[in-house]
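Each remark here refers to the structure printed beneath this line.
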Amino acid sequence: MRRLIRFAVGLAVLGMIAGWVLTRPVTLDDSVFAGITGDAARGEPVFWAAGCASCHTAPKVEEADRPILAGGQAFASPFGTFYAPNISSDPAEGIGGWSVIQLANAMQRGVSPDGAHYYPAFPYTAYQHVTPQDVADLHAYLATLPADATPSRPHDVGFPFNIRRAVGGWKLLFLNADYVLADAPMPEVARGRYLVEALGHCAECHTPRNALGALNRGQWLKGAPNPSGPGRIPAIDPASLKWAEKDIAYYLETGFTPEFDSAGGHMARVVGNFARLTPEDRQAVAAYLKALPR
Amino acid sequence: MKFVSSAVLFAALTMAAAPVLAQDFTGQVKARQGQFRIMAINLGILGAVAKGEVAFDAAAVKRATDTLAAVSMIDQGPLWPKGSDNMAMDGTNALPAIWDNAGDLGAKWAAFGESVKGLQAATDAATLGKALGATGGTCKACHDANRAPLG
């Protein structure tokens, strides 16, 4: 009996150690950025394509050419309310003091500079596909934007979701390193895949989630309840979205649907971002959406 | 006695009328949605030219831009009574934010009207397309702040 208890305790301790190891934050190797130099001018389109400003400006701030990324917008979810943090160039309250590798670990591994997991409300599941060059360029561009000393507001997340370490388990289960559209032989579709699945993180709103908040990849872009409010986010998979490629590209430029209604809500900001990209990029998004399997 | 019965009648009348007076804004909602529909139809005429689907015809473009200018002069005040938001009633996507930020809707409507001048000044498909982008920006700015997502 005593031996059995000892065995059970030992097994429990082993399990805890295994759990601790498995859920530890995993960071990138420093060598990823060897020989890569960031360029702010190249980083600007990366910034708009990644939609940073849409979530990280202060609440109710209108679009600006050089946004102040003070944070504070609230994102309600079944797990609590997340508040977008200050990512301005302020060295104390923002991320002005971060190195390229720190930004990369945040965006691509969901790990903060002090080694804690970020909640996946921050779309690192999409940003993991971003190229090291684009991260370095974005890092250079972010440094050129205004500093703001507003402190980040802590998330309002209850037990058990407030245990950050548990996010490590979530990552084990749901962080999928594969693109949904596995094959993109045409360069235009490959570019569109990069814009939709990686930088644009379109699926974060347009794809339904499971009970633990992970995207249901089998229902890719097939529409979902609005993650942060009433209503639904429309389906944009090929079976649902009948618009011509030209109409999709025009919508992303102007916000006008083929019926000349106009985007509202968060999508209006997405259009504001895509309007700053090249016509080729908007066309690439359209080509990707049409290339998805029906 | 007569006094009592007229008091009862008055009470009954006000009780019957009050919910109607306070709640029924379907006419205003129809009117504002109708003006947006007129805008969409005429923007569509211009959009077909901008996209290159239809040749630039100065007379047709003028009819559409004049119509948009006319719509932009409709006083929005009476169309947006307090209590006609999407929390208070069905059939509208108007967010309560409109009434929380007094003056915002009017300012954004004025920006739309201003952008129509750019459409009226267009001389070919390219300049029309550029001006249409600016007009689209004014639509988007208001929808971003004041309209719930559709769907």
Side-chain angles (χ1 to χ4, degrees), chain A residues 53-55 57 59-65 73 205-206 208 222-236 240-241 243-276 279 282-283 286, chain B residues 33 35-53 64 67-68 71 85-87 90 92-98 100-101 104 107-108 111-112 115 119 125-126 128-151:
Chain A
S54 302
C55 292
T57 50
K60 292 178 183 157
V61 166
E62 305 212 350
E63 277 178 39
D65 289 339
Q73 283 185 49
C205 290
H206 285 282
K222 291 190 174 173
N226 182 359
S228 287
R232 279 188 70 80
I233 309 294
I236 55 170
S240 307
L241 187 66
W243 302 359
E245 284 188 29
K246 181 174 71 169
D247 289 336
I248 296 171
Y250 190 72
Y251 172 77
L252 292 172
E253 180 186 354
T254 62
F256 286 129
T257 69
E259 296 80 35
F260 279 80
D261 192 355
S262 150
H266 200 81
M267 192 62 202
R269 295 186 218 166
V270 176
V271 170
N273 297 335
F274 274 88
R276 295 170 187 267
R282 291 188 288 269
Q283 174 58 37
Chain B
Q33 290 175 350
Q35 68 180 357
F36 292 135
R37 179 62 56 199
I38 296 172
M39 287 159 71
I41 288 168
N42 286 280
L43 288 166
I45 292 166
L46 303 176
V49 177
K51 287 186 199 172
E53 295 164 359
T67 303
L68 290 169
V71 173
D85 58 86
N86 69 339
M87 298 293 168
D90 291 333
T92 177
N93 292 303
L95 292 172
I98 294 168
D100 296 342
N101 306 313
D104 183 67
K108 292 195 160 96
F112 160 68
S115 82
L119 294 173
L128 184 66
K130 203 164 180 327
L132 204 53
T135 299
T138 67
C139 302
K140 195 161 62 59
C142 196
H143 290 164
D144 180 18
N146 296 322
R147 188 173 74 165
L150 308 178

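Naming: A, B, ... by sequence-line order, numbering from 1 per chain. For the numbers below, each heavy atom of this structure counts, side chains included, while hydrogens, waters and symmetry mates do not.
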Side chain, backbone, both or neither of A50(B) within contact of chain A (heavy atoms, under 4.5 Å): side chain
Begin from the C-alpha positions of D144(B) and E62(A) and carry the test side-chain contact (heavy atoms from CB on, under 4.5 Å) through to its verdict. CA-CA 9 Å; D144(B) 180 18; E62(A) 305 212 350; over 6 Å; no
Any salt bridge linking K60(A) with D100(B)? Criterion: basic side-chain nitrogen under 4.0 Å from a carboxylate oxygen. no
Just verifying a value: how many Å separate F260(A) CZ and I45(B) CD1, rounded to the nearest 0.5 Å? 10.0 Å
Please name the pair of heavy atoms, one in A263(A) and one in R147(B), separated by the smallest distance, quoted to 0.1 Å. C-NH2, 4.1 Å
Taking side chain as everything from C-beta outward and backbone as N, CA, C, O, which of these in E253(A) sits under 4.5 Å from a heavy atom of chain B? Side chain, backbone, both or neither. neither
Please identify, among A134(B), G136(B), A48(B), A141(B), the residue contributing the most non-hydrogen atom pairs under 4.5 Å to chain A. G136(B)
Can you measure from NZ (K51(B)) to CG (D247(A)) and round to the nearest 0.5 angstrom? 3.5 Å
What are the two closest heavy atoms between F256(A) and L132(B), and how far apart are they? CE1-O, 3.7 Å
Compare every heavy atom of S262(A) with every heavy atom of K140(B), then report the nearest pair and how far apart it is. N-OG, 3.8 Å
For T254(A) and G133(B), work out which heavy atoms get closest and say how close. CG2-CA, 4.2 Å
